Amino acid sequence: MRIFSRIAGTGSYLPPRRLTNVDLAVELAATGVHTSDDWIVERTGIRARHFAAPDVCSSDLGTEAARRALLAAGVLAKDIDLIIVATSTPDMVFPSTACILQNKLGANGCAAFDVQAVCSGFIYALTIADAMIKSGAATKALVIGAEVFSRILDFEDRGTCVLFGDGAGAVVLEASVTPGILSSVLHADGKHVGILCVPGQVSGGAILGDPLLKMDGQAVFKLAVGLLDGAARAALIKAGKVAADIDWLIPHQANIRIIQSTARKLKLSMDKVIVTVDQHGNTSAASIPLALDTGVRTGKVKPGQLLMLEGVGGGFTWGAVLLQL
Ligand code: ACO
């Protein structure tokens, strides 16, 4: 019998501290950095973001999201045999955030590792979990995107610090005789390293270089739309579907203009797109599972529907997953 993987439950978690654009503008103005609600909304569609408290790590946010996904799936932590955490803001250099989260969750013993593909991290992690389930290497996986991007923002750079937020999203992916994940596409091109990066590194226990995010926003924008469109189309072809079959497009939530352009290229109306960037900002690897869970919990996204998940981020990395919920 052929084995597929299927999402059994979703969950997400946002740290309680929410800053509107006005809140952030007031905080930044106190340090001589000037921005406005109008500028941020017009260029990005972002209205608010959440920032974690200083003692809260990606594993804390991811654990909460995972608990909610387990509850929604009716699965116990002890029955999970694989945990993959997508993050670019791990708790430590090592052990992996997945190991730290596994212990907090009480799922000790199962395989656990991190995936680092920045904003495409969740697409990468979901694809790996799907392949492991299909191969028989796992039966019940937790796939999590968790980030505390506020820790790597340069709050003197108004071109980047207004764009990002913290949060986590998770799914329980389990073996099933019915699909599930229909197709998946992953890509990377390392020649674009310089346009979106955190160039610092740890050597001998010390940070060398600059540990804060650097981005050429216009170069990222131009690349992102074409790459997302290509990945979505390839995933549709692989599954024998067409764009009109998609019930919901759930894209990486970086910028409303990128999201609108992607939907337009697929000839999908914005009524078929889950948008959370206005409330969450860009939460990198957490953004797609956060948007998915928001769609499910608001009753928009329903069992049986066809979902296109797509992401693009630093590396450059990009990809798409087409699935039947
Ligand atoms: N508030 C007010 N003014 C600002 C701000 C701000 N927060 N940031 C920049 N400006 C000013 C600049 O200083 C500049 O002023 P000047 O003309 O006097 O020099 C002006 O606004 C225009 O700056 P640009 O950087 O050219 O603005 P642009 O229109 O390109 O918008 C943005 C910047 C929003 C980053 C845009 O390039 C973009 O959306 N890029 C996509 C990048 C993205 O979404 N990245 C997310 C991470 S990557 C990913 O997740 C895929």
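Computed from a predicted structure; not experimentally measured. Every heavy atom of this structure was used, including side-chain atoms; hydrogens, water molecules and symmetry mates were not.
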Q | Trace of the side chain to side chain donor-acceptor pair (under 3.5 Å) decision for S58 with T97 | A | CA-CA 7 Å; S58 289; T97 302; 5.8 Å; no

Q: Let me see the working for F149 and N282 under side chain to side chain contact (heavy atoms under 4.5 Å, CB included), right down to the final yes or no.
A: CA-CA 9 Å; F149 252 59; N282 182 346; over 6 Å; no

Q.
Determine whether I80 and L70 satisfy the following criterion, side chain to side chain contact (heavy atoms under 4.5 Å, CB included), listing intermediate values before the conclusion.
A. CA-CA 9 Å; I80 292 293; L70 287 169; 3.8 Å; yes

Q: Apply side chain to side chain contact (heavy atoms under 4.5 Å, CB included) to the pair K241 and L236, showing each step before the final yes or no.
A: CA-CA 5 Å; K241 303 275 185 192; L236 284 168; 3.9 Å; yes

Q. Please walk me through it: do E310 and K265 pass salt bridge (Lys or Arg N to Asp or Glu O under 4.0 Å)?
A. CA-CA 14 Å; E310 57 175 23; K265 276 180 172 277; over 6 Å; no

Q.
Q116 vs T317, test: side chain to side chain contact (heavy atoms under 4.5 Å, CB included). Steps then yes/no.
A. CA-CA 10 Å; Q116 218 285 35; T317 57; over 6 Å; no

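Within a 6.0 Å radius of CZ in R47, other residues, nucleotides and ligands contribute 12 heavy atoms or fewer. Heavy atoms of other residues, nucleotides or ligands lying less than 6.0 angstrom from CD of E156 number 12 at most.
Judged by distance alone, the side chains of D130 and T127 never bring a donor and an acceptor atom under 3.5 Å apart. For the residue pair S59 / D91, a side-chain donor-acceptor distance below 3.5 Å is found, with atom types taken as modelled. N103 and N108 are linked by a side-chain donor-acceptor pair at a separation below 3.5 angstrom, with hydrogens and angles left out of the test. Side-chain atoms of E147 and S284 form a donor-acceptor pair, as typed in the model, at a separation below 3.5 Å.
Between A320 and A235, the shortest heavy-atom distance links the atoms CB-CB, 4.1 Å. What you find for D245 and L306 is that their closest heavy atoms are O-CD2, 3.4 Å. The minimum heavy-atom distance between G311 and H252, with the atom names listed, is CA-CB, 3.8 Å. For the residue pair A224 and V312, the shortest heavy atom distance occurs at CB-CG1, 3.8 Å. Between A285 and A86, the closest heavy-atom pair is CB-O, 3.5 Å. Taking each heavy atom of C161 and L24 in turn, the nearest pair found is O-CD2, 4.1 Å.
L292 has its side chain out of reach of I274: every pair of non-hydrogen atoms, C-beta onward, lies at least 4.5 Å apart. Counting only heavy atoms from C-beta outward, the side chains of L61 and V148 approach each other to under 4.5 Å. For the pair F122/V143, a side-chain contact is recorded, criterion being any heavy-atom separation below 4.5 Å from C-beta on. Side-chain contact between R18 and R49 is absent, with no heavy atoms from C-beta onward closer than 4.5 Å. Annotation: side chain of Y13 is not in contact with side chain of D60 (no heavy-atom distance under 4.5 Å). The shortest distance between side-chain heavy atoms of L182 and Q324 falls below 4.5 Å. Put simply, the side chain of I40 reaches to within 4.5 Å of the side chain of T35, judged on heavy atoms. Inter-residue side-chain proximity for D278 and I46 is flagged as unmet; no heavy-atom pair is nearer than 4.5 Å.
The backbone N or O of S184 lies less than 3.5 Å from a partner atom in the side chain of K238, making a donor-acceptor pair. Side-chain N or O atoms of D166 include one that pairs as donor or acceptor with a backbone N or O of A52 at under 3.5 Å. A donor-acceptor distance shorter than 3.5 angstrom exists from the side chain of T20 to the backbone of D23, with no hydrogens or angles considered. No side-chain donor-acceptor contact under 3.5 Å links D247 to the backbone of L307. With hydrogens and angles disregarded, no donor-acceptor distance shorter than 3.5 Å links the side chain of D293 to the backbone of G169. S135 places a side-chain N or O within 3.5 Å of a backbone atom of M132 that can act as its donor or acceptor partner. The backbone N or O of Q253 sits less than 3.5 Å from a side-chain atom of S287, completing a donor-acceptor pair. In this structure a side-chain-to-backbone donor-acceptor pair under 3.5 Å is missing from R6 to S176. Of the possible donor and acceptor atoms, one in the side chain of N255 sits under 3.5 Å from a partner among the backbone N and O of R43. Side-chain atoms of D154 do not come within 3.5 Å of backbone N or O of L212 as any donor-acceptor pair.
Rounding to the nearest 0.5 Å places CD1 of I250 at 11.5 Å from CG of L290. We find the CZ-CD distance between R257 and E42 to be 8.0 Å, quoted to the nearest 0.5 Å. The NZ atom of K214 lies 10.0 Å from the CD1 atom of I152; values are rounded to the nearest 0.5 Å. A distance of 5.5 Å separates OG1 in T63 from NZ in K104, rounded to the nearest 0.5 Å. Put simply, NE2 on H187 and OH on Y124 are 8.5 Å apart, with the number rounded to the nearest 0.5 Å. Rounded to the nearest 0.5 angstrom, L322 CG and L309 CG are separated by 9.0 Å.
A single hydrophobic cluster is seen to contain both I128 and L186, as judged by linkage of ILVMFWY side chains at heavy-atom distances under 4.5 Å, directly or through other members. A chain of hydrophobic side-chain contacts below 4.5 Å, direct or via other Ile, Leu, Val, Met, Phe, Trp or Tyr residues, connects L126 to I3. Side-chain heavy atoms closer than 4.5 Å link hydrophobic residues (I, L, V, M, F, W, Y) into clusters, and following such links, possibly through other members, connects L105 to I144. By the rule that hydrophobic residues join a cluster once side-chain heavy atoms approach within less than 4.5 Å of another member, F113 and V171 end up as members of one cluster. Under the 4.5 Å side-chain heavy-atom criterion for grouping Ile, Leu, Val, Met, Phe, Trp and Tyr, I7 is connected to I133 within one hydrophobic cluster.
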